[in-house]
Amino acid sequence: MSYTRRDILTTGLAASAGSLLANIPLTASATSAAKKTNADAATRKPVQPTWNSLRTVNTPPQWLRAGKFGIYTHWGVYSVPAYGSNGTWYAHNMYTKPDSDERKHQEATYGPLDKFGYKDFIPMFTGSHFNADEWAELFKKAGARFAGPVAEHHDGFAMWNTKYSEWNAAKMGPKRDVLGELSKSIKQHGMKFLTAFHHAEHWFYFPTWDKQYDVSDPRYAGLYGVSHEQGALPTKEFLDVWIGKLKEVVDNYGPDVVWFDYGLRLIQQSYKTDFLAYYFNKAGTEGKEVAVTYKNHDLTPGVGIDDLELGRETNMTYYEWITDTTIDSGSAWGYVESIGFKSVDQLVTGLVDRVSKNGFLLLNVGPKPDGTIPEPAKERLLAMGEWLRVNGEAIYDTSPWLIAAEGPTQFKKSGAFNEDNDIRFTPEDIRFTCRDNFLYATVLSWPGDKAYIKSLVPKGDTWAGLYPSEIDSIKMLGSDEPLRWEFTKDALAVTTPKVKPCDNAFVFKFTLKKPF
């Protein structure tokens with residue numbers, strides 16, 4: 001049996017269409033709010049490296065509340081073997097589990113592990129067709145408002161020209177400063193820049209205590225890590241490099257989001273508070289809003305944004321949260337040759353559902369070793385962009401409404417790792433968002449000639465619903481066909497256009513007015 005990321009972390013082993021989208025205008029309120037928050041950031045007093053002081057930073061930023069949707073990439077040396085249920089954990093399973101599929105594949109394909117180790121994949125990680133502008137243009141066309149790469153995964157191979165290790169993409173493999181090129185291109189395309197850090201888990205990812213393989217060879221300690229006993233706590237030297245790399249990226253590339261994986265729990269807390277204070281204070285002096293994400297309770301509540309890996313909340317929450325999920329149909333994260341992909345409908349309804357419940361979506365794509373993005377992923381991203389071109393006003397710059405959802409289709413549990421690729425929404429499954437005097441009701445499956453929206457019906461002394469006189473007009477986004485509507489005892493019935501305006505998730509736009 002091979003371990004997945006979920007296995008490692010839940011068992012406790014760790015402790016041991018671009019231009020069109022660009023022209024969707026911000027509302028006047030969103031623009032003024034952005035100006036105000038930037039001014040607030042510039043005049044904010046420096047925070048101290050203590051949890052109570054860090055909680056005073058305004059999070060999430062207004063631009064994230066408005067933008068909702070981002071894209072990031074898992075691209076690294078692990079893209080070369082392109083194998084396993086989770087491609088990014090290939091090397092860990094290969095070294096630590098002799099009976100794993102990864103070990104069997106490794107030795108059948110590349111020979112004995114003591115002759116060909118993870119380091120030997122680096123020359124094959126060429127990035128020969130990597131084009132940062134093409135990536136950024138694709139992400140923009142997909143409708144993303146923020147984007148960026150994994151800066152360093154668990155494998156210790158940095159994707160920028162770091163002074164802390166020779167084992168980086170600027171000096172080996174692609175011999176390109178991938179982080180630097182993407183930072184420039186993504187910002188030039190009008191998106192905020194994200195960097196994802198998994199490097200805390202580097203401490204245990206390779207079994208540096210195992211003398212059978214190259215992972216314990218001091219010559220390769222810059223990649224695999226300094227040899228230590230299994231289960232030992234991270235050393236000062238390790239922690240100094242951990243925070244040093246973060247500060248280096250903040251100083252040289254100016255990320256708007258720093259995203260952390262589960263390994264953050266391994267980091268001694270003063271290093272976490274020191275980095276957060278450094279990051280927030282630097283942003284304050286530059287007059288910009290930034291965000292930090294984390295998982296579980298690896299940071300104190302209120303300091304950053306809770307991330308639900310491959311998950312979502314089942315109900316609307318009082319706090320904002322974010323999901324990192326992947327465009328593939330499993331949890332491959334990195335490029336894996338045999339993996340399938342989520343359908344466009346799953347991606348679109350997943351975005352709509354999360355936004356209605358006060359969440360954001362960060363969607364992963366795994367490029368090939370040569371830097372090209374698989375065609376099925378491109379097709380799905382462009383389809384999401386086309387949907388957002390028609391329906392984006394129900395997503396961008398919106399707030400959750402008084403009710404998030406109605407309908408029979410329910411998730412089995414709330415939180416991380418609750419994705420169900422087999423779930424199918426019905427015409428009765430509806431999600432709500434709002435902005436200014438508009439209410440958006442997104443029907444997750446085509447309802448036929450009429451849609452029936454139950455949550456808008458007043459319920460006497462328990463729920464005001466919508467007064468009939470409150471509704472000025474109803475239209476479906478992407479269609480100019482006039483619609484008829486009436487209240488019945490159980491639902492608001494609305495006719496649908498004769499021609500579908502899009503292929504997935506259909507949005508009714510209500511223009512509201514004061515009822516009296």
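Computed from a predicted model, the values in this text were never measured in an experiment.
- The closest donor-acceptor contact from the side chain of E393 to the backbone of V390 lies at 3.5 Å or more, if one exists at all.
- Classification of the H154-Y205 ring pair by plane angle, with boundaries at 30° and 60°, yields tilted.
- To the nearest 0.5 Å, the span separating CD1 on I267 from NZ on K272 amounts to 7.5 Å.
- Although no hydrogens or angles enter the test, the distance criterion places no donor-acceptor pair under 3.5 Å between the side chain of S79 and the main chain of Y335.
- Between N391 atom CG and C502 atom SG the span is 4.5 Å, to the nearest 0.5 Å.
- Taking 4.5 Å as the limit, some side-chain heavy atom of V250 sits within range of a side-chain heavy atom of P255.
- Counting only heavy atoms from C-beta outward, the side chains of F510 and I453 approach each other to under 4.5 Å.
- Listed for the D353 side chain is no donor-acceptor partner under 3.5 Å among the backbone atoms of T349.
- Under a 3.5 Å cut-off, the side chain of K187 and the backbone N or O of G254 do form a donor-acceptor pair.
- Checking side-chain atoms of D370 against main-chain N and O of T372 turns up a donor-acceptor pair under 3.5 Å.
- Smallest separation of non-hydrogen atoms from A147 and M191: CB-SD, 4.3 Å.
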Could you check R65 against E289 for salt bridge (charged side-chain N to carboxylate O under 4.0 Å, His left out), going step by step and ending with a plain yes or no? CA-CA 12 Å; R65 284 179 169 150; E289 289 187 295; over 6 Å; no
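- Under the side chain to side chain contact (heavy atoms under 4.5 Å, CB included) test applied with E248, the options N161, I243, T162 reduce to a single match, T162.
- Formation of a donor-acceptor pair under 3.5 Å by the T323 side chain with backbone atoms of G311 is found in this model.
- Taking the ring axis of Y224 as reference, the NZ or CZ atom of K119 does not stay both within 45° of it and closer than 6.0 Å to the ring centre.
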Step by step, would you call L402 with F432 a side-chain contact (heavy atoms from CB on, under 4.5 Å)? CA-CA 8 Å; L402 298 169; F432 301 96; over 6 Å; no
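- Of the possible donor and acceptor atoms, none in the side chain of D429 sits under 3.5 Å from a partner among the backbone N and O of L444.
- Relative ring orientation between Y440 and F438 is described as tilted, the plane-to-plane angle lying within the 30° to 60° band.
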Could you walk me through whether R312 and W321 pass the side-chain contact (heavy atoms from CB on, under 4.5 Å) check? CA-CA 9 Å; R312 67 184 80 192; W321 48 277; 4.0 Å; yes
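- Taking OG1 of T73 as the start and CD1 of I373 as the end, the distance is 7.5 Å to the nearest 0.5 Å.
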Go through the steps to decide whether T59 and V292 satisfy the test side-chain contact (heavy atoms from CB on, under 4.5 Å), and finish with yes or no. CA-CA 8 Å; T59 189; V292 168; over 6 Å; no
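- Ion pairing of E102 with K97 is absent here, as no side-chain N (NZ or NE/NH1/NH2) approaches a carboxylate O to less than 4.0 Å.
- There is no side-chain donor-acceptor pair under 3.5 Å between D345 and S343.
- Here the closest heavy-atom approach between residue I305 and residue P60 is recorded as CD1-CB, 3.5 Å.
- Side-chain contact between L138 and L381 is present, with heavy atoms from C-beta onward closer than 4.5 Å.
- Contact check for Y253 versus T195: no side-chain heavy atoms found under the 4.5 Å cut-off.
- Smallest separation of non-hydrogen atoms from E107 and L113: OE2-N, 3.4 Å.
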Determine whether K140 and E137 satisfy the following criterion, salt bridge (charged side-chain N to carboxylate O under 4.0 Å, His left out), listing intermediate values before the conclusion. CA-CA 5 Å; K140 185 71 174 180; E137 183 179 0; over 6 Å; no
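- In terms of modelled atom types and a separation under 3.5 Å, the side chain of K342 and the main chain of D328 share a donor-acceptor contact.
- Residue F121 is tested with Y78, F116, Y83 for a ring-ring contact (aromatic ring centres under 6.0 Å, His included); the sole match is F116.
- For W259 and H198, the distance between ring centers is under 6.0 angstrom.
- If you take CG on L363 and CZ on R380, they are separated by 11.5 Å, rounding to the nearest 0.5 Å.
- Within the 3.5 Å criterion, the main-chain N or O of Y95 finds a donor-acceptor partner in the side chain of R103.
- When all heavy atoms of S331 and T326 are compared, the closest pair comes out as CA-CG2, 4.2 Å.
- Donor-acceptor pairing under 3.5 Å is lacking for the side chains of Y90 and D155.
- The two atoms that bring M384 and V348 nearest to each other are CG-CG2, 4.4 Å, heavy atoms only.
- Expressed to the nearest 0.5 Å, how far CZ of R145 lies from CG of L388 amounts to 8.5 Å.
- Within a 6.0 Å radius of NZ in K475, more than 12 heavy atoms belonging to other residues, nucleotides or ligands are found.
- In terms of heavy atoms, P374 sits closest to G366 at CD-O, 3.5 Å.
- Taking 4.0 Å as the cut-off between side-chain N and carboxylate O, D251 and K247 do not count as a salt-bridged pair.
- Figure legend: cation-pi geometry between R176 and F130 absent, as NZ or CZ is not positioned both under 6.0 Å from the six-membered ring centre and within 45° of its axis.
- One finds no salt bridge joining K412 and D420 here, because no Lys/Arg side-chain nitrogen approaches an Asp/Glu carboxylate oxygen to under 4.0 Å.
- Between R389 and E386 there is a salt bridge, since at least one side-chain N of the basic residue sits less than 4.0 Å from a carboxylate O of the acidic one.
- If you check the side chains of S185 and D133, you find a donor sitting under 3.5 Å from an acceptor.
- Within the 4.5 Å cutoff, the side chain of F69 has no heavy atoms near those of the V355 side chain.
- Between F275 and F260 there is a side-chain heavy-atom pair separated by less than 4.5 Å.
- Taking the six-membered ring where tryptophan is involved, the planes of Y72 and W333 are perpendicular, since the angle between them exceeds 60° and thus also 30°.
- Counting heavy atoms from C-beta on, the side chains of K357 and R431 come closer than 4.5 Å.
- With rounding to the nearest 0.5 Å, the separation of CG in D397 from SG in C434 is 12.0 Å.
- A salt bridge links K295 with D324: the closest approach of a Lys/Arg side-chain nitrogen to an acidic carboxylate oxygen falls below 4.0 angstrom.
- Less than 6.0 angstrom separates the ring centroid of Y118 from the ring centroid of F206.
- Looking at heavy atoms from C-beta onward, W387 lies out of side-chain contact with L347 at the 4.5 angstrom threshold.
- Between the side chain of W160 and the backbone N or O of V249 there is no donor-acceptor pair closer than 3.5 Å.
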side-chain contact (heavy atoms from CB on, under 4.5 Å), that's the test. Do E309 and Y262 meet it? Break it down for me. CA-CA 10 Å; E309 180 177 335; Y262 282 104; 3.1 Å; yes
